[in-house]
Amino acid sequence: MTHDRITFDGPVILGAGLAGLTAALAAVETGGKALVLSPTLLATGCSSAWAQGGMAAALSDEDAPALHAADTLAAGAGLCDPAAVELLTTEGPAAVRALAALGAPFDRQADGGFVLSLEAAHAKARVARVGGDGAGAAIMAAVVAAVRAAPTIEARENARARRLLQDASGRVVGLIAEIDGVLVEIVAPAVILATGGVGGLYAVTTTPAQVRGEGLGLAALAGAEIADPEFVQFHPTAIDIGKDPAPLATEALRGEGAILRDARGRAFMADYHPARELAPRDVVARAIHAERTAGRGAFLDATAAVGAHFPHEFPAVFAACMAAGIDPRVQPIPVTPAVHYHMGGVATDLDGRTSLGGLLAAGECAATGVHGANRLASNSLLEAAVFGARAGRAARGLVPGGEPLPATPAPDLPDSALQALRQAMSRDAGVIRDADGLTRLVAVLDALEAAQGAAPTLVAAQLIARAALARQESRGGHFRADFPATALPERTFVTLDAALPAGLRYAAE
Ligand SMILES: Cc1cc2nc3c(=O)[nH]c(=O)nc-3n(C[C@H](O)[C@H](O)[C@H](O)COP(=O)(O)OP(=O)(O)OC[C@H]3O[C@@H](n4cnc5c(N)ncnc54)[C@H](O)[C@@H]3O)c2cc1C
């Protein structure tokens with residue numbers, strides 16, 4: 001199949017969340033051009049704009065990057081890369097200030113200092129927030145304005161990556177994109193993946209539908225090394241009102257003192273962890289999962305901790321609850337764990353370089369080693385900003401590769417197949433996993449792949465399922481009922497060829 005070909009003289013950035021747009025701004029800092037592709041209007045269809053709590057960084061006199069690093073390493077359960085964590089936490093304060101300088105209206109004290117929230121597993125109040133729970137939308141509005149004002153950044157909306165192009169050496173030299181429904185080859189010196197997480201691969205998720213592991217799948221199909229795909233974080237308190245995606249009751253509510261209760265009003269977190277509501281996310285998610293599975297239900301009671309202050313302190317949560325007929329000022333909020341964040345991703349170095357020449361990755365789709373087995377709350381916007389900028393800078397000097405080999409777009413899953421995949425992932429690669437469920441899941445994915453071909457979404461799901469089956473221990477976001485103990489700390493590094501039996505992948509292409 002031949003497509004129209006355009007040649008772009010600068011990095012092409014896939015995705016317009018905080019990582020993608022930060023990369024674009026950094027790529028053109030010293031001149032040069034960048035092209036951003038976004039499936040939707042900028043600032044929509046990305047998790048970044050939905051973030052509620054804010055950005056963690058050592059911004060107060062009582063805090064220090066080393067303390068932030070210690071909390072990040074503890075949350076990561078032995079699998080963080082200490083160099084990546086040090087870089088994140090050291091560069092963190094400047095990254096927040098840079099966003100403030102772009103116009104992100106962080107909440108301020110009377111003396112001009114940042115208002116900082118305490119969140120679970122942070123030893124200090126260090127989460128810079130905006131308007132209570134509006135951090136993501138406000139930060140993205142400022143960044144989008146800067147991108148729109150940058151004369152050398154071109155942003156194409158209604159544009160989605162469908163295949164990476166490679167030359168004969170395997171270097172990435174561009175991509176096939178679908179722009180306004182038309183397939184086009186874009187040849188460029190660098191491609192930066194900033195396609196976000198994997199929430200859309202699960203039936204119960206807090207992330208936008210566009211965020212469904214496509215970048216991960218595209219990179220894996222090109223042969224890139226993937227790290228830690230089995231580590232998926234479940235947010236403990238998505239609001240359980242049958243909406244897809246599920247609205248979020250931010251972690252900050254528990255920071256403010258909201259209590260988790262069962263349907264009879266009993267506070268249950270003391271049964272699970274001494275830090276109760278402020279225990280690590282995975283512990284709280286499993287506790288809620290256990291209460292719900294036992295039929296006792298789970299509710300977040302912020303009536304005393306927030307009460308009448310809800311409308312102005314947590315407007316997004318308030319609006320989501322009221323729309324579902326729940327008044328959180330006086331009623332507990334029904335909650336369920338939901339897929340929220342992917343610690344795994346395309347393996348990168350500290351400048352976003354992947355194992356393939358010409359291909360970089362930043363933000364949630366990348367695995368820099370910052371999060372290990374479990375992300376510390378509010379570290380991901382920070383990671384997107386810090387490592388997005390580093391990837392943008394690293395892409396600046398790249399020169400074009402060789403002639404692209406002929407390629408066709410990867411198959412897309414029809415909606416019925418995607419829904420089947422999402423149900424199977426939530427059922428068998430969820431908060432609690434075991435060999436029986438994961439084996440069943442792999443069989444479902446193999447059958448879908450045989451029928452539909454190697455769609456990037458399916459490839460991403462395969463990587464998660466097979467790595468979860470292979471990891472016979474429990475650690476961070478990955479809990480195996482049949483292997484509850486923790487083994488030696490080892491990260492997963494895998495390529496698609498190693499993860500999937502030969503002969504299956506291209507069966508239906
Ligand atoms: C409800 C919610 C609340 C959160 N709250 C916080 C918080 O308070 N603090 C915090 O630190 N983190 C929070 N997170 C996590 C954080 O928002 C994300 O991890 C982070 O924003 C990821 O940024 P990103 O730029 O990597 O990806 P995203 O912002 O998700 O952007 C990904 C982009 O890639 C695009 N894309 C996808 N596939 C393709 C394709 N094939 N081709 C081209 N483009 C594609 C998407 O449309 C989107 O534009 C929250 C997440 C959610 C869902």
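Here the structure is a predicted model, which is why all the values come from computation and not from measurement. Whatever order the structure lists them in is the order used to number ligands and atoms, beginning at 1.
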Min heavy-atom dist [X] to ligand 1 below 4.0 Å:
X: P39; answer: yes
X: M55; answer: no
X: G136; answer: no

Ligand-side contact atoms (ligand 1) for residue partner [X], heavy atom cut-off under 4.0 Å:
X: G45; answer: 46 (C), 47 (O), 48 (C), 49 (O)
X: T206; answer: 1 (C), 53 (C)
X: G363; answer: 26 (O)
X: E364; answer: 18 (C), 19 (O), 22 (C), 26 (O)
X: Y341; answer: 19 (O)
X: Q210; answer: 37 (C), 38 (N), 47 (O)

Task: Backbone or side-chain N or O of G53 under 3.5 Å from ligand 1 N or O - done: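 N/O-N/O distance below 3.5 Å exists for this pair.
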
Open item on the list: Geometry only, no angles: is T207 polar-contacting ligand 1 at N/O separations under 3.5 Å?
Closed with: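 In fact, backbone or side chain, T207 has no N or O that close.
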
Quick one: does ligand 1 sit under 4.0 Å from the side chain of [X], the backbone, both or neither, non-hydrogen atoms only?
X: A194; answer: backbone
X: L381; answer: both
X: L248; answer: side chain
X: R375; answer: side chain
X: H340; answer: side chain
X: N379; answer: backbone
X: E214; answer: side chain

Under 3.5 Å: donor-acceptor pair, side chain of [X], backbone of [Y]:
X: D240; Y: T336; answer: no
X: R390; Y: L350; answer: yes
X: T22; Y: A389; answer: no

Open item on the list: To check you understand the geometry: which heavy-atom pair defines the closest contact between A391 and L360, and what is its length?
Closed with: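 Minimum heavy-atom separation between A391 and L360: O-CD2, 3.8 Å.
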
Task: Nearest atoms (heavy-atom pairs only) where G223 meets T495 - done: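 Smallest interatomic distance, heavy atoms only, reads O-CG2, 3.9 Å.
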
[X]-[Y] side chain donor-acceptor pair, cut-off 3.5 Å:
X: N374; Y: Q233; result: yes
X: E230; Y: T492; result: yes
X: S47; Y: E364; result: no

TODO: Could you tell me which residues satisfy side chain to side chain donor-acceptor pair (under 3.5 Å) with R5, sequence neighbours excluded, listed by chain and number?
DONE: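 Checked R5 against side chain to side chain donor-acceptor pair (under 3.5 Å); matches are E185, E403.
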
Starting from [atom], find the nearest protein heavy-atom neighbour and note its residue, name and distance.
atom: atom 6 (C) of ligand 1; result: A51 CB, 3.4 Å
atom: atom 23 (O) of ligand 1; result: S48 OG, 3.1 Å
atom: atom 35 (C) of ligand 1; result: G15 CA, 3.6 Å

Task: Test: R148 and E157 ion pair at under 4.0 Å - done: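 Salt bridge between R148 and E157, a charged N being under 4.0 Å from a carboxylate O: yes.
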
Open item on the list: Suppose we screen for ring-ring contact (aromatic ring centres under 6.0 Å, His included). Which residues come up paired with F318, at least two apart in sequence or across chains?
Closed with: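 F318 satisfies ring-ring contact (aromatic ring centres under 6.0 Å, His included) with no residue once adjacent residues are dropped.
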
Task: H122 and H68 aromatic ring geometry - parallel, tilted or perpendicular at 30°/60° bounds - done: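 Taking H122 first and then H68, their aromatic rings sit tilted (interplane angle of 30° to 60°).
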
Open item on the list: Taking the six-membered ring of F106 as reference, does the cationic atom of R129 (NZ for Lys, CZ for Arg) lie under 6.0 Å from its centre and within 45° of its axis?
Closed with: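 Because its charged atom misses either the 6.0 Å distance or the 45° angle limit, R129 does not stack over F106.
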
